[in-house]
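Input: a single structure, listed below in structure tokens.
For the numbers below, each heavy atom of this structure counts, side chains included, while hydrogens, waters and symmetry mates do not. Worth saying up front: this structure is predicted, and the values here are computed from it rather than measured.
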Amino acid sequence: MSETLTGTAASGQPAATTESAGVTVTNNPAVSSLTGVAVSPGRASGPVVRVAEPLGEPASTPAPADPAAEAARIEPAAAAVAARLEAQAETAEGEAATILITTAAMAADPALATQAQQLVTAQNLPAARAVYQAAEGFAEALAAAGGYMAERVRDVRDVRDRLVAELLGIAPPGVPELTSPSVLVARDLAPADTAGLNPAKVLALVTEEGGPTSHTAILARALGIPAVVAVRGLLALDAPALAVDGDTGVVEVADPEAPVVTAVAAGPAEWNGTGATADGHVVKVYGNVGSPADAQAAADAGAEGVGLFRTEFCYLDASAEPTVDEQRQAYTAVLSPFRGKPVIVRTLDAGADKPLAFLSPEAEPNPALGVRGLRVAFDRPEVLDRQLAAIAGAAEDSGAVVSVMAPMVATADEAAWFAERARAAGLARAGVMIEIPAAALSAREILDAVDFVSVGTNDLAQYTFAADRQLGAVAQLNDPWQPALLRLLKLIGDAAMVTGKPAGVCGEAAGDPRLALVLAGLGLTSVSMNAPAIRSVGASLASVTLDDARSLAAAALAAATPADARTVVAAALK
């Protein structure tokens, strides 16, 4: 795919361009238009306010005269940062409040403070430098974990910068106070900053980095703020005003004297809590969860169940494999808000790129394509069997209607192997994740071996386009509106219709109210997402008939680019 950043030189001649890695980039400073990934619909234009760049590395000198006293400064600083975030949370609602509380807990985490204190006393470092180094250690561990956990690196670095600023006695980085409605421009935004945005003052949000699965994207949709991320060249664009199109991803230089314009996409205002189209075709609306707090937020938002319960939280801090009883208790806490409702539990998604000490993974030249997900269980089936036993026990304890699914399944034989072990553990309903193109191409054979499938669109896009989902430079390729990705999803939807078995989507694609209509039209039977999107997706589904959804899907499939797919669907809905 080619992304073109257009511009016209002062002479009226086209700007000179250079080509690199399939991306056309103008070298003329008078660029008038940039393109990124549209993540929250609506259009707006107005004056630009730039978010300050993150803090740089604090100096490791001078050494403190009294290391013990210097180390003692860290805990009060952490407490002060946590208190400010908690105060913000008290004035926020829903997912925004949850994120602020989570960030506050991260700031107050004794593990971070202890590690930093040890660096002060052992290496004679200033407190700010010690906090920086300790936080980087945690961030690197999360990055190595990959997938969803790697997406939390931005949170850790946000907490790091807030603590460093507190210790240095300077203003923390983040969104400045807005005195009038403005378009926010940033390299990236921390979730806590996005959660604290006032939709009355933020016309639109544009970032140079980030991607369609980031918390910035999720929260922008929840707040109803038009947003475009991964806009390469944005920070070099010296424009006092911008026009932002959250439907197409186009960001244009605007006239600073023109009046402020907003055209936020307003979806149906209410949802009755039943996932279905206007003519009664059932498309279940579920939540994605990875902790007890996530589960409660999804339940409060009206989720009909859970389409993806990530179990990794139970393992990440463990130096040894958690016991069956420890796992059972942890899972029960997540399942309990969904007594009597369906919950799909994903078994451990770990491996060489998500290192866990007790698995003793061997070094691999390309971990993303190595022994990960279900492949770990082929060598260590006892680990899977113990987890399945714990899940079965938690199902009994919580009263939730539990199914299990395995990650990173490539073939029908692998799917059958997992289903047999799950049923032997007393779990009657077993399925698999479709995250690998080979599995999408074999969806019918896989559905013959299991009871259901669920599509992880984030990883399916990553593997289809050979584009790291964490890398902003290739975020355009991971756009869930990519027609090639939609064509793979149609294969899965067709397989579901032929076999009469469910096929859901639990990737971030499901959280886009318009794309959810396309998914329903492609034959997918459920959508699962983070809590903020649940009501808007449910209401969106209820606003169209199944025939409408199928027409939208056909139009999106015929599009040549993600922008074209978005545009044709938006136009049809109008």
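- From Leu460, atom CG reaches atom CG of Leu489 across 6.5 Å, with rounding to the nearest 0.5 Å.
- Using a 4.0 Å cut-off between charged side-chain N and carboxylate O, Glu57 and Arg160 make no salt bridge.
- For Gln482 (side chain) and Pro562 (main-chain N/O), no donor-acceptor pair under 3.5 Å exists by modelled atom type.
- Panel note: side chain Glu252, backbone Ser32; no donor-acceptor pair is recorded below 3.5 Å.
- Between the Glu208 side chain and the Leu234 main chain, a donor and an acceptor come within less than 3.5 Å of each other.
- The structure places CZ of Phe138 at 13.0 Å from CD of Gln133, a figure rounded to the nearest 0.5 Å.
- Val159 pairs with exactly one of Asp109, Leu112, Val81 by the side chain to side chain contact (heavy atoms under 4.5 Å, CB included) rule, that one being Leu112.
- The residues Arg232 and Glu209 are annotated as not salt-bridged, no charged nitrogen and carboxylate oxygen being separated by less than 4.0 angstrom.
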Apply side-chain contact (heavy atoms from CB on, under 4.5 Å) to residues Met106 and Asp155 and explain how you reach the verdict.
CA-CA 9 Å; Met106 198 178 291; Asp155 309 40; 3.9 Å; yes
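- The two atoms that bring Leu524 and Ala503 nearest to each other are CD1-O, 3.1 Å, heavy atoms only.
- A side-chain donor-acceptor contact under 3.5 Å links Arg129 to the backbone of Pro58.
- Side-chain contact between Ser454 and Arg346: absent, with no pair of heavy atoms (C-beta onward) separated by less than 4.5 Å.
- Although no hydrogens or angles enter the test, the distance criterion places no donor-acceptor pair under 3.5 Å between the side chain of Asn530 and the main chain of Gly511.
- Side-chain N or O atoms of Ser543 include none that pairs as donor or acceptor with a backbone N or O of Leu541 at under 3.5 Å.
- Pairing each heavy atom of Ala570 with each of Arg514, the nearest pair is CB-NH1, 3.4 Å.
- With Thr207 contributing its side chain and Gly210 its backbone, the two residues share no donor-acceptor pair below 3.5 Å.
- No donor-acceptor pair closer than 3.5 Å links the side chain of Thr525 to the backbone N or O of Val283.
- You'll find the side chain of Lys490 reaches within 4.5 Å of the side chain of Leu557, heavy atoms only.
- No side-chain heavy atom of Val569 sits under 4.5 Å from any side-chain heavy atom of Leu517.
- With Asp193 as reference, Arg162 is the one residue of Arg157, Arg162, Arg187 to meet the salt bridge (charged side-chain N to carboxylate O under 4.0 Å, His left out) rule.
- Side-chain contact between Thr567 and Asp247 is absent, with no heavy atoms from C-beta onward closer than 4.5 Å.
- For the pair Gln476 (side chain) and Gly36 (backbone), a donor-acceptor distance under 3.5 Å is present.
- Here the side chains of Trp481 and Val518 are in contact, with some heavy-atom distance below 4.5 Å.
- Taking OG of Ser180 as the start and NZ of Lys201 as the end, the distance is 7.5 Å to the nearest 0.5 Å.
- Atom CD of Glu177 sits in a sparse spot, with 12 or fewer heavy atoms from other residues, nucleotides or ligands closer than 6.0 Å.
- Minimum heavy-atom separation, Gly46 to Leu203: CA-CD1, 3.8 Å.
- A 4.5 Å side-chain heavy-atom check between Asn458 and Asn478 finds every atom pair outside the cut-off.
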Full working for side-chain contact (heavy atoms from CB on, under 4.5 Å) between Val175 and Thr194:
CA-CA 9 Å; Val175 179; Thr194 311; over 6 Å; no
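- For the atom pair Leu219 CG and Leu197 CG, the distance stands at 8.5 Å (nearest 0.5 Å).
- Using modelled atom types and a 3.5 Å distance limit, the side chains of Asp547 and Thr545 yield no donor-acceptor pair.
- No donor-acceptor pair under 3.5 Å is formed between the side chain of Ser536 and the backbone N or O of Pro513.
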Show, in sequence, the C-alpha distance, side-chain angles and deciding distance for Arg310 and Val289, and conclude whether the side-chain contact (heavy atoms from CB on, under 4.5 Å) test is met.
CA-CA 6 Å; Arg310 306 177 182 93; Val289 306; over 6 Å; no
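- Remark: Thr464 OG1 to Glu435 CD distance equals 11.0 Å, nearest 0.5 Å.
- The closest side-chain heavy-atom distance from Val260 to Pro47 is below 4.5 Å.
- Residues Tyr286 and Val306 fail the side-chain proximity criterion, which asks for heavy atoms closer than 4.5 Å.
- Residues Val544 and Thr277 approach most closely at O-CB, 3.2 Å, considering heavy atoms.
- The distance from atom CG of Leu519 to atom CG of Leu552, rounded to the nearest 0.5 Å, is 11.0 Å.
- In terms of heavy atoms, Arg535 sits closest to Gly302 at NH2-N, 4.2 Å.
- Using a 4.0 Å cut-off between charged side-chain N and carboxylate O, Asp479 and Arg566 make a salt bridge.
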Run the numbers on Ile344 and Phe309 for side-chain contact (heavy atoms from CB on, under 4.5 Å), then give the verdict.
CA-CA 6 Å; Ile344 299 175; Phe309 168 17; over 6 Å; no
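- Across all non-hydrogen atoms, the minimal contact from His281 to Leu546 is CD2-CD1, 3.6 Å.
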